[in-house]
Amino acid sequence: MILSGHFPVLESAGEYDQALKLAAEYVQNNSENPFAKRAYGTFLYHTGNYAKVIETGEAELLKNGNRRPYPWLSLLAAAYSKTGQRGKADSLLTELELQSRADKKALYSLAMNYAELGRAEEAITAIEKCYEVHEQRMLWVSVEPRYANLRNHPRFRQILVKMRLN
């Protein structure tokens with residue numbers, strides 16, 4: 001679907017309201033599509049609707065049973081953190097850390113959480129590992145909004161130079 005390629009472009013451009021509207025329509029027309037729900041959750045997060053992220057994400061985790069997808073763990077940990085629910089955030093972050101040991105996509109998501117929590121050194125170390133293993137989302141590292149806290153960090157800038165994204 002064309003929207004799946006359009007969402008990262010809107011996200012990197014900061015067009016969150018427009019993306020949320022499209023994601024809501026996408027979910028309405030594709031209610032069982034996990035990508036549609038993750039896109040919706042992502043733009044709820046970017047527009048500051050953390051309560052709805054938590055509601056949607058927890059429902060998705062329940063529906064998935066023992067399979068706990070890293071995108072939801074990451075979004076939920078961030079939303080719980082933003083709403084001051086540190087215990088729940090830390091528990092999900094621990095789960096994400098465990099997943100990231102074997103899954104480079106989970107590692108990239110973990111780096112976003114670390115960046116938002118102000119844990120710059122851990123975030124950049126994770127990003128460096130993603131670079132080493134050629135994690136495909138590294139294409140977006142220079143415009144990823146959840147890495148905003150790292151933009152001026154020298155090690156982050158070095159990664160961008162190495163990738164020729166600077």
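- Taking both residues in full, the closest heavy atoms of Pro69 and Leu61 are given as CD-CD2, 3.8 Å, listed atom of the first, atom of the second, then distance.
- Around the NZ atom of Lys63, the shell of radius 6.0 Å holds more than 12 heavy atoms that belong to other residues, nucleotides or ligands.
- A distance-only check finds no donor-acceptor pair linking the side chain of Thr56 to the backbone of Val53 [under 3.5 Å].
- Side-chain contact between Pro154 and Arg157: absent, with no pair of heavy atoms (C-beta onward) separated by less than 4.5 Å.
- Counting heavy atoms from C-beta on, the side chains of Ile159 and Met138 come closer than 4.5 Å.
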Taking it one step at a time, do Arg137 and Cys130 satisfy side-chain contact (heavy atoms from CB on, under 4.5 Å)? CA-CA 9 Å; Arg137 289 181 298 161; Cys130 287; over 6 Å; no
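- The shortest heavy-atom contact between Ile127 and Leu150 is CD1-CD1, 3.7 Å.
- Between Lys104 and Glu135, the shortest heavy-atom distance links the atoms O-CG, 3.4 Å.
- Side-chain contact between Leu93 and Leu110 is present, with at least one heavy-atom pair separated by less than 4.5 Å.
- In this structure, the side chain of Thr94 engages the main chain of Asp90 through a donor-acceptor pair within 3.5 Å.
- At a threshold of 4.5 Å between non-hydrogen side-chain atoms, the residues Val141 and Phe156 count as touching.
- No continuous path of hydrophobic side-chain contacts links Tyr114 to Trp140 [ILVMFWY only; heavy atoms under 4.5 Å].
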Stepwise, does the side-chain contact (heavy atoms from CB on, under 4.5 Å) test hold for Gln136 with Lys105? CA-CA 8 Å; Gln136 66 186 11; Lys105 292 182 182 300; 2.7 Å; yes
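- The backbone N or O of Lys82 sits nowhere less than 3.5 Å from a side-chain atom of Glu116 that would complete a donor-acceptor pair.
- Using a 4.5 Å heavy-atom threshold, the side chains of Leu117 and Glu122 count as separate.
- Between Leu96 atom CG and Asp103 atom CG the span is 9.5 Å, to the nearest 0.5 Å.
- Note on Leu139: it does not cluster hydrophobically with Leu10, by side-chain heavy-atom contacts below 4.5 Å among ILVMFWY residues.
- Tested against Phe7 for a ring pair (Phe, Tyr, Trp, His ring centres under 6.0 Å), the candidates Tyr16, Phe43, Tyr40 yield a single pass: Phe43.
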Going through the distances and angles, do His46 and Leu20 end up as a side-chain contact (heavy atoms from CB on, under 4.5 Å)? CA-CA 9 Å; His46 286 314; Leu20 179 59; over 6 Å; no
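- In this structure, Arg146 and Ala115 approach most closely via the heavy-atom pair O-CB, 3.6 Å.
- With values rounded to the nearest 0.5 angstrom, Glu15 atom CD is found 8.5 Å from Asp17 atom CG.
- Residues Leu107 and Leu98 do not share a hydrophobic cluster, clusters being chains of Ile/Leu/Val/Met/Phe/Trp/Tyr side chains in contact below 4.5 Å.
- Taking the six-membered ring where the residue is Trp, the centroids of Tyr147 and Tyr108 are separated by under 6.0 Å.
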Using the side-chain contact (heavy atoms from CB on, under 4.5 Å) rule, take Ser81 and Arg86 through it: C-alpha gap first, then chi angles, then the decisive distance, then the call. CA-CA 5 Å; Ser81 181; Arg86 293 294 315 156; 2.9 Å; yes
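- The ring pair (Phe, Tyr, Trp, His ring centres under 6.0 Å) test with Tyr45 is passed by exactly one of Tyr50, Tyr80, Trp72: Tyr50.
- Considering only heavy atoms from C-beta on, Leu92 comes within 4.5 Å of Arg68 through its side chain.
- With rounding to the nearest 0.5 Å, the separation of CD in Gln158 from NE2 in His153 is 9.5 Å.
- The heavy-atom pair separating Asn64 from Glu60 by the smallest distance is ND2-O, 2.7 Å.
- Ionic pairing of Glu132 and Lys129 is not present here: no N-O contact between side-chain nitrogen and carboxylate oxygen is shorter than 4.0 angstrom.
- A salt bridge is defined here as a Lys NZ or Arg NE, NH1 or NH2 lying under 4.0 Å from an Asp or Glu carboxylate O, and Glu121 with Arg155 meets this definition.
- The nearest pair of heavy atoms linking Glu11 to Pro145 is CG-CG, 3.7 Å.
- Checked by atom type and distance alone, the side chain of Ser100 pairs as donor or acceptor with a backbone atom of Glu97 at under 3.5 Å.
- For the atom pair Leu73 CG and Glu95 CD, the distance stands at 5.0 Å (nearest 0.5 Å).
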